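What follows is a set of notes on a single structure, which appears directly below.
Since we're looking at a predicted model, the values are computed, not measured.
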Amino acid sequence: MSLNFRFAIASDLHIALSHTIWDHPHRFHLVEASIPALEGVLEHLAECEIDFLLLPGDLTQDGEIDNHVWLSERLAKLPYPVYVVPGNHDVPLSVGNEQVTGLSDFSRYYHQFGYDNINQLYYTHEILPGVRLIGLNSNIFDETGKQIGCLDQPQLDWLQKVLATTTDELVLVMLHHNVIEHLPGQATNPLGRRYMLQNAPQLLEILAEANVQLLFTGHLHVQDIAQWQNIYEITTGSLVSYPHPYRILNWRTEPNGKQVLHIESHRITSVGGWPDLPEQSRERIADHSFPFMTKLLTSPPLSLPQEQAVLLAPDLRYFWADVAEGDAELHFPKFPTPVRRYFEAFSRERAIDNNTSLRLS
């Protein structure tokens with residue numbers, strides 16, 4: 001199959017109109033920059049002749065109806081198709097109210113962007129000849145009312161039926177929660193596993209059996225490409241968090257018939273009020289890092305005493321920003337050996353997270 005197309009990804013937009021913004025003292029991201037950052041992306045994409053745009057969740061600050069309405073109206077004006085899936089912030093309630101969107105209401109705002117059946121929170125479309133997109137909903141509420149990342153059984157059954165009919169198509173799968181680990185021990189670490197799909201192994205087995213090789217996710221606010229067997233998961237950082245990235249991807253069929261996905265990453269570098277947006281947001285993360293790093297140090301697997309964690313945390317001031325940037329090279333020579341090894345394991349052996357080419361079968 002000879003395929004040649006170009007598309008873009010922007011994730012975790014956290015769109016927030018000015019009257020909806022609330023300032024949590026510990027939040028890293030800059031929702032105040034959400035709309036101008038998105039406009040910056042769209043201005044660039046207007047020059048790129050893309051075939052479609054993927055938005056893998058957390059479209060809004062916290063599911064505010066006004067923000068969903070604004071975004072859906074803005075996306076409707078674009079000259080190319082856009083496809084979305086819900087993030088945990090988009091549907092913080094099982095049942096919505098006058099201000100906030102409930103899980104079952106999400107598709108009503110985005111019927112032009114994948115959800116032609118507004119009574120179903122997942123979909124599939126042949127978006128180009130020979131190219132099929134599957135959009136999944138990874139948000140459910142358990143019996144206690146807690147929101148978790150999981151695919152329910154009806155959705156998994158539907159997915160298997162769809163994949164059984166796609167033997168002659170390239171299949172792209174998009175959901176919000178991570179399916180493959182992007183951080184060491186992410187699936188078991190109490191701080192990292194909430195970003196993972198709880199039944200990720202089951203989904204991966206289904207995709208592997210159908211020879212699906214590409215997953216697109218968000219949620220973690222980091223630039224990272226992870227691999228499990230022949231499946232690549234491309235997670236894209238948040239547009240309102242350092243380094244304010246988005247991606248442009250080119251699928252090409254080479255003369256020898258090999259399929260190659262070229263991935264390039266871009267950044268929003270300035271918006272009104274933030275002339276040096278990456279540097280300012282990097283410092284914001286650093287300024288808010290102490291309690292987060294202290295908790296990481298005192299949690300398993302390190303489980304350090306609080307007094308030792310307090311001494312080490314200042315040296316980790318830029319740790320999360322470096323991880324979020326992708327392709328991190330981390331060195332902590334003054335740390336005790338077990339602690340040094342733990343944090344340096346977040347380094348990348350080779351640069352792949354931002355700009356690379358994947359050769360696919």
Exercise. Can N88 and H219 be counted as having a side-chain donor-acceptor contact under 3.5 angstrom?
Worked result: yes
Seminar exercise, completed: Residues at least two apart in sequence or cross-chain that pass salt bridge (charged side-chain N to carboxylate O under 4.0 Å, His left out) with E32, listed by chain then number, are R27
Exercise. Counting heavy atoms not belonging to Q153, are there more than 12 under 6.0 Å from its CD?
Worked result: yes
Problem set entry | With sequence neighbours excluded, residues passing side-chain contact (heavy atoms from CB on, under 4.5 Å) with R350 | I352
Exercise. Quick one: do E264 and R6 make a salt bridge, cutoff under 4.0 Å?
Worked result: no
For this session: Check the side chains of E233 and H182 for a donor-acceptor pair under 3.5 angstrom, ignoring hydrogens and angles.
Result: yes
Problem set entry | Verdict with reasoning, V173 to L203, per side chain to side chain contact (heavy atoms under 4.5 Å, CB included) | CA-CA 11 Å; V173 175; L203 175 60; 5.7 Å; no
Exercise. Going by an N to O cut-off under 4.0 Å, is there a salt bridge joining R317 and D322?
Worked result: no
Problem set entry | Salt-bridge present (D315, K334; N to O < 4.0 Å) | no
Exercise. What residues, two or more places apart in sequence or in another chain, satisfy side-chain contact (heavy atoms from CB on, under 4.5 Å) together with V162?
Worked result: T124, R132, I134, W158, T166
Exercise. For the atom pair CG (L261) and CZ (F7), what is the distance rounded to the nearest 0.5 Å?
Worked result: 5.5 Å
Exercise. Do the ring planes of H44 and Y246 sit parallel (below 30°), tilted (30 to 60°) or perpendicular (above 60°)?
Worked result: perpendicular
Exercise. Can you tell me if CD on E49 sees more than 12 non-hydrogen neighbours from other groups inside 6.0 Å?
Worked result: no
For this session: Give the C-alpha distance, both sets of side-chain angles, the deciding distance and a yes or no for side-chain hydrogen bond (donor to acceptor under 3.5 Å, both in side chains) between Q223 and S265.
Result: CA-CA 9 Å; Q223 289 285 96; S265 295; 3.1 Å; yes
Problem set entry | Under 3.5 Å: donor-acceptor pair, side chain of T298, backbone of Q306 | no
For this session: Report yes or no: does Q213 contribute a side-chain atom to a donor-acceptor pair with the main-chain N or O of S361 at less than 3.5 Å?
Result: yes
Exercise. Looking just at side-chain N and O atoms, do N67 and T20 make a donor-acceptor pair shorter than 3.5 Å?
Worked result: yes
Seminar exercise, completed: Which of N355, I234, I9 passes side chain to side chain contact (heavy atoms under 4.5 Å, CB included) with I263? It is I234
